[in-house]
Structures are given as C-alpha cells and as structure tokens.
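Computed from a prediction, not measured in an experiment: that's the story for all the values here.
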Amino acid sequence: MDAPEQIQQTPYAMIGEENLRRLVDCFYDIMDKNPDAADIRAMHKADLSPVRGALFEFLSGWLGGPALYSERTGTICLSEPHAAFEIGEAARDQWMLCMRQAMIDAELPEGVIEMIDQPLFMLADFVRNS
C-alpha cells in the first residue's frame, strides 16, 4: 500500500485568523514603540488602525487565506500605496526588524517563521523605491 499523500497546509492555515491578527497587532505595536523603527513609523499617520486592517487583509491572502485585500481594493499592487514614501534598504530593514520580532511575540510556530521569513524579506525588498 502506498504511503498517504502528505497534505500541504498554507501558512494561513497553520497560523489561523486569530494569530494573524495578533501578528499584525504585535508588528504595529513594535513599530510604534521601538526607536529603531522611527523612520518607518514616521511614514504612518498617528492612527494606525487603518493600516493594521490593510496589512491583515493583505497578509491573509498572501499567506494563502481569504483574499480580503484584493477583494476590497480590486488589486494587490504594493508599489502604489508606498510610492509617496522614500523606501530604501534602511526602511526595509526596519520593517523586517519589527516583523521578525512580531513573529516571536505573536508566538508563531518556529516552522512557520522559518517558512515565511525569507518571503517576507523579499516582499519588503520589493516595495523599495530608492
């Protein structure tokens, strides 16, 4: 008898909606308080609620869950919302600093962190415009 096929789960299925919300909240809490993220914090309005929602929606679809962001906006274009800001390597690295700490603080499973860390870096690098 053949071995059963291994069922592949998406990162979203492995994390779940509640933990994804916790990840996004941890990310913005870190960005809001960590002086090492001051440059990217300055790119945001005082009220982080709208971007919390947008990042949750984006990551939901990006991680293989419901495509909430594209359903709401009709696109998944990342360069347009970031075009108004000068985003270089330093900003990318600040974003990753916050995201890496958020993954730990949100207590994502180590296997998930390993699975999505490099793709998140590539995503952060993609929005660089300087």
Side-chain angles (χ1 to χ4, degrees):
M1 187 176 245
D2 292 332
E5 289 185 37
Q6 184 178 7
I7 298 173
Q8 298 291 327
Q9 286 191 327
T10 65
Y12 181 88
M14 296 169 76
I15 295 169
E17 179 182 345
E18 184 179 323
N19 289 333
L20 179 56
R21 287 189 188 281
R22 185 174 0 170
L23 172 67
V24 170
D25 285 340
C26 287
F27 171 81
Y28 282 109
D29 290 348
I30 293 163
M31 187 183 75
D32 196 35
K33 296 175 182 146
N34 187 334
D36 292 333
D39 293 339
I40 62 169
R41 179 59 182 99
M43 295 177 190
H44 295 79
K45 295 180 180 177
D47 180 9
L48 293 171
S49 299
V51 292
R52 285 177 193 260
L55 183 59
F56 170 79
E57 290 175 349
F58 176 80
L59 288 177
S60 173
W62 187 76
L63 292 168
L68 304 171
Y69 186 84
S70 62
E71 289 171 3
R72 181 175 59 82
T73 65
T75 183
I76 56 168
C77 179
L78 292 178
S79 30
E80 185 178 321
H82 296 95
F85 307 100
E86 187 173 323
I87 301 174
E89 289 181 4
R92 175 204 60 203
D93 293 347
Q94 287 179 31
W95 193 90
M96 282 305 300
L97 172 80
C98 296
M99 185 55 73
R100 285 178 171 142
Q101 187 61 51
M103 289 190 286
I104 293 166
D105 291 357
E107 299 179 349
L108 296 188
E110 184 63 34
V112 172
I113 293 173
E114 291 172 8
M115 180 187 305
I116 66 174
D117 183 78
Q118 187 61 31
L120 282 167
F121 177 85
M122 292 168 58
L123 185 68
D125 195 58
F126 178 78
V127 299
R128 284 190 313 117
N129 55 23
S130 68

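Looking at heavy atoms from C-beta onward, M31 lies out of side-chain contact with Q94 at the 4.5 angstrom threshold. Looking at E80 and C77, their side chains come closer than 4.5 Å, going by heavy atoms from C-beta outward. The shortest distance between side-chain heavy atoms of M103 and F27 does not fall below 4.5 Å. Looking at T75 and S70, their side chains never come closer than 4.5 Å, going by heavy atoms from C-beta outward. Considering only heavy atoms from C-beta on, F56 comes within 4.5 Å of L68 through its side chain.
Within a 6.0 Å radius of CD in E86, other residues, nucleotides and ligands contribute 12 heavy atoms or fewer. By the 6.0 Å contact criterion, CG on L78 is enclosed, its count of non-hydrogen atoms from other residues, nucleotides or ligands being greater than 12.
Two rings, from Y12 and W62, have their centers 6.0 Å or more apart.
Judged purely by atom type and a 3.5 angstrom limit, S60 uses its side chain to pair as donor or acceptor with the backbone of P66.
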Practice prompt. In sequence, state the C-alpha distance, the side-chain angles, and the governing distance for Y69 and L55, and then conclude on side chain to side chain contact (heavy atoms under 4.5 Å, CB included).
Written response: CA-CA 8 Å; Y69 186 84; L55 183 59; over 6 Å; no
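Applying the salt bridge (charged side-chain N to carboxylate O under 4.0 Å, His left out) test to residues at least two apart or on different chains, the pairs with a partner in residues 30-42 are D32-R41. Every pair passing side chain to side chain donor-acceptor pair (under 3.5 Å) that includes a residue from residues 117-130 is listed here, sequence neighbours excluded: R92-D125, R100-D117, D125-R128.
A salt bridge is defined here as a Lys NZ or Arg NE, NH1 or NH2 lying under 4.0 Å from an Asp or Glu carboxylate O, and R52 with D29 meets this definition.
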